[in-house]
Amino acid sequence: MGQARVMTPAPIFDSLETLRTRTSAKWTVFEPDVLPLPVAEMDFQLAEPIAETLMAAIRRSDTGYQFPHTALPEAFAAFAGRRWNWTVDPGQVWTTTDVSVAIVETLRRVAPVGSEVVVNPPIYPPFFDLIPEAGHRVKEVPLAPDGAGAWMIDLDGLEAAFAGGARAFLLCNPHNPLGLPHSRETLAAVAELAQRYDVAVVSDEIHGPLTYPDATFTPFLDVSDAARRQGVCVTAASKGWNIAGLKCALMVTAHPNKATIVGGMPDEVNWRTSIFGYLASVAAFSQAEEWLDSALVQLRSNRSLLGNLLAEHLPGVRYAEPQASYLAWLDLRALGWGDDPSAHALESARVALNPGPTFGAEGNGFVRLNFACSPEILVEAVTRLAG
Ligand SMILES: Cc1ncc(COP(=O)(O)O)c(C=O)c1O
């Protein structure tokens with residue numbers, strides 16, 4: 001929006017006392033003695049350029065409708081170019097309420113009603129609801145071991161699902177809950193298969209900005225012509241800068257056939273974008289990249305702190321550091337806490353975690369822990385869990 005770039009102070013974690021005054025889900029769903037570590041919200045104070053932008057909007061009573069225009073497409077395209085060397089055409093970027101809505105509205109249009117849509121469990125639980133909401137059926141192709149101790153998309157399983165009639169693939173890149181940015185080779189192979197079987201790929205890249213500097217995020221639409229032909233990217237500033245409540249997401253295409261579909265959505269889909277979300281997202285992409293980098297430094301330190309704490313207090317827990325985002329996928333099977341260890345954690349330790357089984361059957365015996373909190377809270381949570 002032509003504003004001068006301002007120096008961004010490093011992010012600060014709010015104190016527990018201040019956090020408990022927040023009214024967001026993370027801080028109101030559980031009883032006051034519970035440490036809440038589910039819900040993908042961060043405990044940082046808002047980035048200064050975003051806070052300033054929002055306060056300026058409030059001061060001028062700028063609380064009406066968001067008319068679709070070019071500021072956010074241009075800010076996102078510039079960010080994607082700087083950060084990932086990905087060339088985005090701002091003319092192929094549209095906005096809507098949130099990534100969940102973007103997924104539903106896109107899936108509705110890229111596959112005939114009642115189609116099978118592939119997901120890779122363990123997977124972000126709402127995927128199991130968004131697909132039926134779009135009028136389709138979930139087809140599970142679980143992630144597979146990559147032979148080197150990590151996980152990857154099961155390309156043979158994916159091909160079998162495509163050959164069996166699936167019409168779309170809801171890709172999660174980076175993958176939640178594993179924090180796995182898929183490799184360029186894997187994504188190119190996915191695109192190749194999608195083209196061969198004419199399957200649409202909806203790539204949820206909401207966690208992309210939170211990829212750590214020691215890993216590489218590859219936007220799906222950047223990998224090949226096949227990817228651009230088959231794919232739609234859905235993304236947002238909402239995870240990277242913790243502004244999910246402001247309601248704004250982007251839908252990005254890179255081929256006329258998908259641009260026709262997304263650009264042809266009813267105007268109302270775009271008009272549902274919140275003006276606060278729009279303004280904050282422009283500020284995030286264009287003025288708060290330094291803040292994001294400093295947030296990643298803090299999160300990276302928490303990522304290893306968690307490993308050290310688990311090794312010391314709960315050595316039975318298996319944890320592979322995520323390469324993106326602040327969600328840890330913990331294997332608690334050795335603790336004997338049952339299929340849903342989060343129930344035991346809540347009852348006995350008063351620590352709230354996401355129940356593994358909601359991510360699919362592969363999540364039995366697992367929990368997801370959000371480490372975007374102060375080191376003090378993380379220490380307290382693991383100490384409580386160790387009982
Ligand atoms: C992979 C993934 N997609 C979508 C969402 C939800 O995004 P939104 O709030 O924009 O609907 C989340 C939230 O954590 C997520 O992890």
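Each ligand, and each atom within it, is numbered from 1 in the order the structure gives. Side-chain atoms are counted along with the backbone in the values below, which use heavy atoms only and exclude waters and symmetry mates.
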Next on the checklist: Arg229 vs Asp198, test: salt bridge (Lys or Arg N to Asp or Glu O under 4.0 Å). Steps then yes/no.
Outcome noted: CA-CA 10 Å; Arg229 176 180 291 278; Asp198 196 20; over 6 Å; no

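- Near Ile206, meaning under 4.0 Å from any of its heavy atoms, are these atoms of ligand 1: 1 (C), 2 (C), 3 (N), 5 (C), 7 (O), 10 (O), 15 (C).
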Query raised in the report: Passes salt bridge (Lys or Arg N to Asp or Glu O under 4.0 Å), Glu41 versus Arg22? Steps please.
Result: CA-CA 11 Å; Glu41 298 175 19; Arg22 290 189 184 178; 5.2 Å; no

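- Residue Cys172 approaches ligand 1 through these ligand atoms, each under 4.0 Å from one of its heavy atoms: 1 (C).
- The parts of Asp98 lying near ligand 1 are both backbone and side chain, judged by heavy-atom distances below 4.0 Å.
- Residue Asp204 touches ligand 1 through its side chain alone, judged by heavy-atom distances below 4.0 Å.
- Side-chain contact check for Asn176 and Arg368: at least one donor-acceptor pair (N or O, by modelled atom type) lies under 3.5 Å.
- Residue, atom and distance of the protein heavy atom nearest to atom 10 (O) of ligand 1 are Val99 N, 2.8 Å.
- Per-residue contacts place Asn176 under 4.0 angstrom from the following atoms of ligand 1 (heavy atoms of the residue considered): 15 (C), 16 (O).
- Residues Tyr212 and Glu321 bring no donor and acceptor atom of their side chains to less than 3.5 Å of each other.
- There is a side-chain donor-acceptor pair under 3.5 Å between Ser15 and Thr18.
- Of the protein's non-hydrogen atoms, Tyr124 OH, 3.2 Å is the one closest to atom 5 (C) of ligand 1.
- We find that Arg83 and Asp293 are joined by a salt bridge, their nearest charged nitrogen and carboxylate oxygen being less than 4.0 Å apart.
- On a distance-only criterion, Ala40 and ligand 1 share no N/O pair closer than 3.5 Å.
- Any N or O atom pair closer than 3.5 Å counts here, and Lys247 shares no such pair with ligand 1.
- Taking every heavy atom of Ser100 and a limit of under 4.0 angstrom, the matching atoms of ligand 1 come to 6 (C), 8 (P), 11 (O).
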- Message: Apply side-chain contact (heavy atoms from CB on, under 4.5 Å) to residues His313 and Asn308 and explain how you reach the verdict.
- Response: CA-CA 9 Å; His313 299 287; Asn308 295 339; over 6 Å; no

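- The distance between the ring centers of Trp291 and Phe285 does not fall below 6.0 angstrom.
- The closest approach between a heavy atom of Ala236 and any atom of ligand 1 is not below 4.0 Å.
- At a 4.0 Å heavy-atom cut-off, ligand 1 does not touch Pro126 at all.
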